[in-house]
2 protein chains.
Amino acid sequence: MSSRPRGPAASVKITDVAAAAGVAPMTVSRVLNTPDRVSEATALKVREAIERLGYVPNLIAGGLSSRRSRMIAAIVPTIASPMFSAPVQTFTDVLGQAGYHVMLGLSGYKPDGEDALIRAVLTRRPDGLLLTGASHSPAVRRLLKDAGVPVVEIWDAAEHPTDMLVGFDHAELGVAVADFFAAGGHTRFMIFAAGDPRAAARREGFVRRVAQHGGTLVAERTLPAPSGIIDGRLALRAVAPLLTERTALFGSSDNVAFGAMEEARALGIAVPQRLAICGFGDFELSRGCEPPITTVSVDGAEMGRVAAENLLARMNGRAAPRRVLVPSRIIERAST
Amino acid sequence: MSSRPRGPAASVKITDVAAAAGVAPMTVSRVLNTPDRVSEATALKVREAIERLGYVPNLIAGGLSSRRSRMIAAIVPTIASPMFSAPVQTFTDVLGQAGYHVMLGLSGYKPDGEDALIRAVLTRRPDGLLLTGASHSPAVRRLLKDAGVPVVEIWDAAEHPTDMLVGFDHAELGVAVADFFAAGGHTRFMIFAAGDPRAAARREGFVRRVAQHGGTLVAERTLPAPSGIIDGRLALRAVAPLLTERTALFGSSDNVAFGAMEEARALGIAVPQRLAICGFGDFELSRGCEPPITTVSVDGAEMGRVAAENLLARMNGRAAPRRVLVPSRIIERAST
DNA sequence: GCATGACATGTTATCGATACCATAATTTGG
DNA sequence: CCAAATTATGGTATCGATAACATGTCATGC
């Protein structure tokens, strides 16, 4: 008799099932984990016993023994934006179908949020990790290396990822948007960028290319991260006096772009005649609003899917690409 | 010497730390879990050893031994909508600060998505569960009862929750919106509702009250769940011919309401003169668009926070309210 | 000065499953 | 018809931590 406190109804364990089915516990384990190694007749008996006793396997115990938790940690700044909720959604779906569960970690936009979170998450011995961005503190990099866990980084395109990466180059994307505007005959430019590292990279590329085109950077505003519709409205209101001539605006997200457009409407600034707007993210909003907003589409759901598949490959001992770049493309709509 | 395969660098465990610090493993455990029961001098030695060896505790082992996983499962249909991402976000934050991690389960809108997910999640022996809605299959209810895990249900107001509940009455809310429109002198009504049970309850309340007011229900459309901006646009386009006189529309989410408004704009239907619109959810969108949209505000973030706190209370052996109703209120804006 | 108790630490026995090796049952081939 | 190969099952020893109890140490009070 155990001296431990037990739950209200001492729960059914693998030995109970084994006894009920007249087999060894190990056989029950096989029925659940490697069914092809058990005869059909035995498997039937065992499954019947499982059903009858209402056995729910304990994956904590299994994980300790097998040293595989079948859990994956996903760390993103927030799920309040489609930018991150989309990849997390598909990531969770794909891994769920493979029998893995996802622990969600929300790091916020504070620079040190990630460190503590990764440390905490590693105490659960995840079989894999999804991280946002590829710039991490040296402490984190060492921690990850020591843990020996497969890691996928998304939403970034560092040359030397910690382990694997599925993302794209934000600076290049900024360049592409500048080129797009220039091709439309624009000479005056503005950018509203959120304060996070990736939005900053997009801005850097955009600003650099504008200069190369000999364009004028009329205004450049940094918004709090995560930035939204209201931030876009406020920013546009602040720069409205500068909108005396035809100008092109790049917003760091579709929400920001939409906010700018709505504020422009309220102020009587014509879009796209006086103000051309390009957003980022291809949220449903930019497609559904009136006029629809030109945007840069990056398939976040796809990113999550590929990240999950690469992680699965590695966890199953197969090889997986070190660096996958997902395409981004400008979707031209009525706002430009 | 163990016959098990070991990781690349056999990882540091509690016995290693204990040896390095010259104490028993149990003392190391105490330093980490119940620091007040350890003398300051010993704690210092132990912490130094932990730091020096880079010890990362194994909560899988700890969980097996203590029968407390310190994990909570959160099951929502999707995180693509602010309706669910907001509560999940605060829920995760609050529990994270208390040392719990959240497993994310996305059940989708298929009726049987939840069953399998809950069953799978229980194999991890979570210390608590967050569920969306309060109508579950009998199998699930029994499973939860047997597991003896604290459960909070959100986004609903069933009379007899499975365990605890933090939500509100959707039908009542539909009634309130009908009253609000009626008070504004409306006699013609339309509703666009998503196909999920909660949107259906809002619709039922709205339709019932409209009838009580002697109003005309001009159109009633069911949208696919989860429904978005585009669904709202399409629905409005379909019913546009009916908008010959002043009409009031209740959308099942702010996204749907916004889509309807944008389509109305495209079709030259004046808002709010010919079409008054009320949404649901108080997303940033309804506040940030032009004109801003009247909506029913329900604080999803607050719901997540309270759910987390009640769960924490119960897990710590304290009492927690069985049924918490969060307020909802109509925020009147320019669309009505 | 010694019993009483509070506090700090150590010892032992699990928690519930799976890896690995051993053995039994079955099939295959010459 | 039997040895060798294959397949199915069982036994044992952990996985890494913590609960419960035992022990040791010191302060307090009468």
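Note that the coordinates shown come from a computational prediction; the quantities given were computed from them, not determined experimentally. All values below were derived from every heavy atom in this structure, side-chain atoms included, with hydrogens, water molecules and symmetry-related copies excluded.
- Residue A:Ile60 contributes atom CD1, which lies 10 Å from atom C1' of C:dG16 at whole-angstrom precision.
- Checked against C:dT18, C:dG10, C:dT9, the side chain of B:Val23 finds its nearest nucleotide in C:dG10.
- Annotation for B:Arg141: atom CZ counts as buried by contact number, over 12 foreign heavy atoms lying within 6.0 Å.
- The closest donor-acceptor contact from the side chain of B:Thr90 to the backbone of B:Pro87 lies under 3.5 Å.
- When the P atom of D:dG16 is taken as reference, atom CZ of A:Arg124 falls 17 Å away, rounded to whole Å.
- For B:Thr27, a side-chain nitrogen or oxygen approaches OP1 or OP2 of C:dG10 to under 4.0 Å.
- Proximity of a side-chain donor or acceptor of B:Ser107 to a complementary backbone N or O of B:Glu114 within less than 3.5 Å is not detected.
- Interface residues of residues 30-37 of chain A facing DNA chain C, ordered by number: A:Arg30, A:Asn33; criterion, heavy-atom separation under 4.0 Å.
- Taking a 6.0 Å sphere around CZ of B:Arg322, one finds it holds more than 12 heavy atoms contributed by other residues, nucleotides or ligands.
- Within residues 46-55 of chain A, the residues having any heavy atom under 4.0 Å from DNA chain C are, by residue number, A:Tyr55.
- To the nearest angstrom, P of D:dT14 lies 16 Å from CE of A:Met26.
- Listed pair A:Ser29 / C:dT18 meets the phosphate criterion, a side-chain N or O lying under 4.0 Å from OP1 or OP2.
- For the pairing with A:Pro77, the side chain to side chain contact (heavy atoms under 4.5 Å, CB included) check across A:Lys110, A:Met83, A:Arg198 returns one residue only, A:Arg198.
- Considering A:Leu311, A:Val306, A:Leu312 as possible partners of A:Val94, the one that fulfils the side chain to side chain contact (heavy atoms under 4.5 Å, CB included) test is A:Leu312.
- Between A:Ser39 and D:dT9 there is a side-chain polar atom (N or O) within less than 4.0 angstrom of OP1 or OP2.
- The main-chain N or O of B:Ile75 is found under 3.5 Å from a side-chain atom of B:Thr132 such that the two form a donor-acceptor pair.
- Phosphate contact (OP1/OP2 of C:dC15, side-chain N/O of B:Arg68, threshold under 4.0 Å): absent.
- When distances are taken from the side chain of B:Ile14 to each of D:dT9, D:dT18, D:dC15, the shortest belongs to D:dT18.
- Note: A:His136 NE2 to A:Leu144 CG = 7.0 Å, rounded to the nearest 0.5 Å.
- In the displayed structure, A:Arg119 atom CZ is contacted under 6.0 Å by at most 12 heavy atoms of other residues, nucleotides or ligands.
- Between B:Ser66 and D:dA17, a side-chain N or O to OP1/OP2 separation shorter than 4.0 Å is absent.
- Counting to the nearest Å, the C1' atom of C:dC15 and the CG atom of A:Asn58 are 8 Å from each other.
- Without hydrogens or angle criteria, A:Thr42 side chain to A:Val38 main chain gives no donor-acceptor distance under 3.5 Å.
- Residue B:Leu106 forms a side chain to side chain contact (heavy atoms under 4.5 Å, CB included) with just one option from B:Thr78, B:Leu117, B:Ile79, and that option is B:Ile79.
- Within 4.0 Å (heavy atoms only), A:Ala24 reaches sugar-phosphate atoms of the nucleic acid but no base atom.
- In this structure, B:Thr42 reaches the C:dT9 phosphate: one of its side-chain N or O atoms is under 4.0 Å from OP1 or OP2.
- Per the geometry, CG belonging to A:Leu64 stands 13 Å off C1' belonging to C:dA19, to the nearest Å.
- Taking 4.5 Å as the limit, every side-chain heavy atom of A:Leu165 sits out of range of all side-chain heavy atoms of A:Val324.
- Of the candidates D:dT9, D:dG16, C:dG16, C:dG16 carries the atom nearest the B:Arg67 side chain, counting heavy atoms from C-beta on.
- One axis for each end of the helix from C:dG1-D:dC30 to C:dG30-D:dC1, each built from five base pairs, and the angle between them comes to 30° at 10° resolution.
- D:dA8 atom C1' lies 12 Å from atom NZ of A:Lys45, rounded to whole Å.
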